[in-house]
Amino acid sequence: MSDASTNTSPAPAAPLDFIRQIVSEDLKAGRHGARVHTRFPPEPNGYLHIGHAKSICLNFGVAAEFGGLCNLRLDDTNPTKEDVEYVDSIRTDVRWLGFDWSTREFYASDYFERIYACAVTLIGDGRAYVDSLSADEIREYRGTLTQPGRNSPFRDRPIAENLSLFERMRAGEFPDGTHVLRAKIDMASPNMNMRDPTLYRIRHAHHHRTGDTWCIYPMYDFAHAISDALEGITHSLCTLEFEDHRPLYNWIIEQVPDLPGDPQQIEFARLNLTYTVMSKRKLLELVEKKIVSGWDDPRMPTISGMRRRGYTSRAIREFCARIGVAKNESLIDVALLEHSVREDLNQVAPRAMAVLKPLKVVIENYPEGQVEMMQAINNPEDESAGTRQVPFTRELYIEQDDFREVPPKKFFRLYPGNEVRLRYAYIIRCESVVKNDAGEVVEVRCTYDPDTRGGSAAGERRVKGTLHWVSSAHAVRAEVRLYDRLFTTEQPGTDDRRHFTEEMNPNALEVSRDALVEPSLATAVNGTTYQFERLGYFCADPDSTPEHPVFNRTVTLRDSWAKIEKSQNA
RNA sequence: UGGGGCGUCGCCAAGCGGUAAGGCACGGGACUUUGAAUCCCGCAUUCGAAGGUUCGAAUCCUUCCGCCCCAGCCA
C-alpha cells in the first residue's frame with residue numbers, strides 16, 4: 001500500500017496532517033513504547049459508507065506509514081441494534097478497500113468478561129455504584145448544561161451492596177431498566193459526560209456473538225477505553241463529537257487498575273459530502289422504507305453501493321488522501337470524489353462504444369450486406385490493453401444527441417449537410433432525414449467517403465466532430481441505468497422544516513432499456529468498469545445475464561459541450 | 001447565560017514569527033479520430049473582526065464576532 005520504505009529518493013514529503021504530526025513526534029519521543037497501533041472500530045449496525053472510508057484510510061494508513069499495526073474491532077456492545085449481516089459486510093468492505101488486519105479481528109464482546117471484571121474492581125474501589133433510579137429520574141438528576149446535577153440517593157450505597165447488586169444484575173435477577181452501574185465522578189462537572197456516566201445497563205437481549213450469556217452490556221465509553229487498552233492501542237482516533245468524552249476516556253484508563261497500555265484519544269472531523277446523507281440512521285431508513293434497492297444500491301454512499309456503481313477502491317483511497325485530516329468541520333464537494341473516480345478509471349477502464357438513445361443512420365452509398373471490421377484501441381492510456389475489432393455496416397445507430405436538424409452555434413456533430421467522423425471508421429455526410437408522422441427525425445440518411453477509413457493515414461481530411469456508433473446488425477441490446485445524485489440539496493437533512501427524504505432527487509435513476517452496445521460488451525465481466533466513449537464510465541451489474549446485459553453508469557465524462565450549450569441557453 | 005472545539009480563495013487544505021503550498025471547482029488557450037484525456041496560463045496584497053507586541057504577525061497577546069458538539073440505560 002505504501003512505498004514509504006524506499007530509502008532511495010526521498011520524495012518532497014507531503015505535509016503531514018496534525019494526527020500524523022502527533023504520531024511522528026510521539027515516535028520520536030519514544031512515547032507509547034515507541035509503537036504505533038491503531039484500530040478501526042465500527043459498530044456492526046449498518047453498512048460502511050464513504051465517511052468510514054476516511055477513518056479506515058486514516059487508521060490503517062497511519063499504522064502502515066509508521067511501521068505499526070491496525071486492528072479491526074467490531075464495537076458490538078448494543079445487542080439490540082447489531083447483526084452478523086453487518087459484520088460480514090464490514091469485513092468485506094474493509095478488505096475490498098485494500099486493507100489487511102491479518103488475524104487482529106477483535107470484538108468488544110470478546111472482552112465482556114474482562115470488562116465486567118474491571119467494573120467489579122471499580123466498585124470495590126468505591127468508584128462505581130449501582131443506581132436504581134429510573135431512566136427518567138436519572139435524566140432529571142443530571143441537571144442541565146448550565147445547572148449542576150444532583151447526587152442520586154443510591155450514590156452512597158455500601159460497596160458490598162453494590163457488589164452484590166451488580167452480581168445479581170449479571171445473574172438476570174432484574175428486568176431491563178431497573179438498575180444501572182454508574183461511575184462515581186462528579187455530578188457538578190461542567191462536562192455532562194463526567195456526571196456519573198452509565199457504565200452498564202441491563203438488556204435481556206440476544207447478542208449476535210455471545211448469545212444469551214449476558215443480560216448486562218457495557219456502554220460505549222467504558223467498553224471502548226478498556227478495549228483500546230487491552231489491545232495495546234497507542235492512538236485511538238475518533239471523530240470530533242467524542243472530544244467531550246476524552247476526560248472520561250482518560251478517567252477510565254487511569255482508574256481501572258492494571259490495564260495494559262496507555263492509549264491516547266485524538267479527534268478529527270468526520271467527512272461530509274455535498275448532496276449526500278452520511279448518517280447510518282438515515283441510510284437505514286432509505287433501505288427499510290425501500291426508497292433504494294438496498295445497502296448496495298449504486299446511488300448509496302455506502303462502500304458496497306459505490307463498488308456496485310463501479311467506483312474503484314483506489315479512487316476512494318485517493319479521494320481520502322486528498323480531502324486531508326483536520327479538525328475543521330468540512331463539507332467536501334462531491335465533484336472531488338467524482339474527479340478521483342474519473343482519474344483512476346481513465347487509466348484503467350477499457351473503452352467501448354455504446355449508444356444510449358439510438359438514432360438510425362443509413363449510409364446510402366455503402367454496399368448492402370458488407371461488413372468491415374474496424375480496429376479499435378482498447379485504452380489509449382495503456383498500450384498493453386491492445387485492440388479489438390468492431391463491425392461496420394451500412395446501417396448503424398448513433399446517439400440521438402449527436403444529431404440536430406437545426407444545429408445550435410458551435411455544434412459540430414451531425415446535421416444536414418455536415419460531415420463528421422465515425423470513430424475508427426469513415427467520414428460521413430448527412431444528406432437527408434426521414435421523419436415519422438409526428439415530425440420527429442427517425443432516420444438519418446448519409447453518404448460516406450471510402451478514402452477516409454480507419455486510423456492514421458497521412459494528409460487525411462479533418463472534421464470537427466467524431467461520433468460513436470454501433471452496427472445495427474451486430475449491436476447487443478442492453479439495459480443501462482443512469483445514476484445521478486440522490487439528493488437535490490447540497491446538505492440534505494439540515495432543513496428541519498422537512499424530512500430529508502423530501503429532498504431526494506426523483507431523477508436519481510433513469511433506465512434506458514433499449515441501449516445498444518458493441519458486440520464485445522455482450523460478455524462484459526460483472527464488476528468491470530468500461531468507458532463508453534464520449535459518454536462516461538459504466539460498470540456491468542450483477543443483474544446482468546448473457547441475454548440481458550445491465551450496466552450502471554459510474555460517472556459521466558466531463559462534458560464541455562454541455563457547458564457551452566447551457567451558457568447558450570442561459 | 002456551563003463546558004468542549006473550530007474560523008486561511010466558491011469547496012477542501014498547507015502554513016508552527018521572516019513576508020500566503022497544493023488539490024477540486026471556475027475562466028482562458030494549445031492539442032485532439034472520445035467536445036474525453038493531456039498540456040500551458042489565470043484564480044487570496046491577505047488569513048472571522050478590531051486593537052496590541054515586534055524591524056517583521058495567518059502565526060504571539062487582548063477583546064469581540066460567527067459556526068459546530070454535549071443534558072441516551074446509542075455509538
Side-chain angles (χ1 to χ4, degrees), chain A residues 14-17 21 41-43 45 75 77-78 80-81 131 133-135 138-140 142-149 176-182 189-195 198-203 216-217 219-221 223-224 238-247 267 269 274 280-281 321-340 342-343 346-347 351 353 377 380-381 410-413 420-425 427 452 454-456 460 462-468 490 531-536 556-565:
Chain A
L16 298 181
D17 58 66
Q21 284 180 27
E43 181 188 15
N45 67 343
D75 210 343
T77 57
N78 186 349
T80 62
K81 289 189 176 173
D131 197 354
L133 251 24
S134 71
I138 287 181
R139 189 179 318 119
E140 248 182 77
R142 188 153 31 226
T144 68
L145 294 178
T146 51
Q147 288 174 309
D176 289 5
T178 50
H179 305 280
V180 20
L181 183 73
R182 291 230 256 168
S189 172
N191 181 344
M192 298 299 261
N193 294 296
M194 300 300 269
R195 321 245 261 227
T198 303
L199 265 22
Y200 262 94
R201 77 288 216 186
I202 301 172
R203 275 263 199 296
I216 58 172
Y217 293 92
M219 297 289 289
Y220 161 82
D221 288 296
H224 201 85
C238 63
T239 43
L240 254 25
E241 67 270 28
F242 292 104
E243 223 152 10
D244 287 341
H245 294 238
R246 197 186 332 136
E267 310 84 12
T274 55
K280 277 200 218 167
R281 205 211 86 229
R322 283 174 188 225
I323 58 177
V325 178
K327 297 192 75 161
N328 269 341
E329 306 213 28
S330 58
L331 176 63
I332 307 286
D333 190 339
V334 73
L336 181 59
L337 211 210
E338 293 173 344
H339 168 81
S340 303
R342 288 192 187 102
E343 182 182 60
N346 176 50
Q347 297 301 317
R351 314 287 130 126
M353 292 198 284
I377 295 165
E381 307 290 333
K410 291 190 181 170
F411 184 83
F412 40 79
R413 276 115 95 143
V420 296
R421 164 137 240 142
L422 291 177
R423 176 126 233 221
Y424 298 125
I427 289 175
T452 57
S456 54
E460 59 185 286
R462 291 198 165 164
V463 289
K464 292 193 97 175
T466 298
L467 309 188
H468 60 279
E490 272 208 343
Q531 184 195 98
F532 289 179
E533 294 210 31
R534 302 209 308 132
L535 295 174
T556 61
L557 250 28
R558 290 183 64 200
D559 188 352
S560 58
W561 164 243
K563 279 182 195 167
I564 294 169
E565 196 175 30

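We name chains A, B, ... by the order of the sequence lines, and we start the count at 1 in each one.
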Let's see if you can work this out: which of [options] has an atom nearest to the side-chain heavy atoms of [X]?
X	options	value
A/Pro190	B/A71, B/C73, B/G2	B/G2
A/His339	B/G35, B/C12, B/A25	B/A25
A/Gln21	B/C16, B/G23, B/G35	B/C16

Task: Upstream residue (5' side of RNA chain B) when A/Phe532 and A/Asn328 are each assigned their closest nucleotide - done: A/Asn328

TODO: Between A/Arg558 and A/Asp333, name the one whose nearest nucleotide on RNA chain B is closer to the 5' end.
DONE: A/Asp333

Task: salt bridge (Lys or Arg N to Asp or Glu O under 4.0 Å) evaluation trace for A/Glu43 with A/Lys81 - done: CA-CA 9 Å; A/Glu43 181 188 15; A/Lys81 289 189 176 173; over 6 Å; no

Short side-chain N/O contact to [N] OP1/OP2 from [X], under 4.0 Å:
X	N	result
A/Arg462	B/U32	yes
A/Arg142	B/C73	yes
A/Ser560	B/G35	no
A/Arg201	B/A75	yes

Taking atom types as they are modelled, would you say the side chain of [X] forms a donor-acceptor pair with the base of [N] within the 3.5 Å cutoff?
X	N	answer
A/Asp244	B/G3	yes
A/Glu241	B/C70	no
A/Glu381	B/U38	no
A/Arg351	B/U34	yes

[N] [atom2] sits how many Å from [X] [atom1], rounded?
X	N	atom1	atom2	result
A/Leu535	B/G35	CG	P	10 Å
A/Ile377	B/A36	CD1	C1'	14 Å
A/Ile323	B/A25	CD1	P	16 Å

Open item on the list: Give me the distance, rounded to whole Å, that separates B/A44 from B/C40 when you measure between the C1' atoms they each carry.
Closed with: 22 Å

Open item on the list: To the nearest 0.5 Å, what is the distance between CZ on A/Arg281 and CG on A/Asn45?
Closed with: 12.5 Å

Open item on the list: Does the structure show A/Trp561 stacking with B/G35, if we require the centres to be closer than 5.5 Å and the planes to be within less than 30 degrees of parallel?
Closed with: yes

Task: Where the chi angle of B/G72 falls, syn if within 90° of 0 and anti if not - done: syn

Open item on the list: Applying a 4.0 Å non-hydrogen cut-off, can you work out what A/Tyr200 is touching in the nucleic acid: base, sugar-phosphate, or nothing?
Closed with: nothing

Open item on the list: For a quick check of understanding: with a heavy-atom distance under 4.0 Å over all strands, which category does A/Ala326 fall into, base, sugar-phosphate or nothing?
Closed with: sugar-phosphate

Task: A/Tyr220 and A/His245 aromatic ring geometry - parallel, tilted or perpendicular at 30°/60° bounds - done: perpendicular

- [ ] Report the C-alpha separation of A/Thr556 and A/Arg342 in whole Å, then their side-chain angles, then the decisive distance to 0.1 Å, and conclude whether the side chain to side chain contact (heavy atoms under 4.5 Å, CB included) test is met.
- [x] CA-CA 8 Å; A/Thr556 61; A/Arg342 288 192 187 102; 3.6 Å; yes

TODO: Both distances under 3.5 Å, Watson-Crick or G-U wobble: report the partner of B/U62, or none.
DONE: B/A50

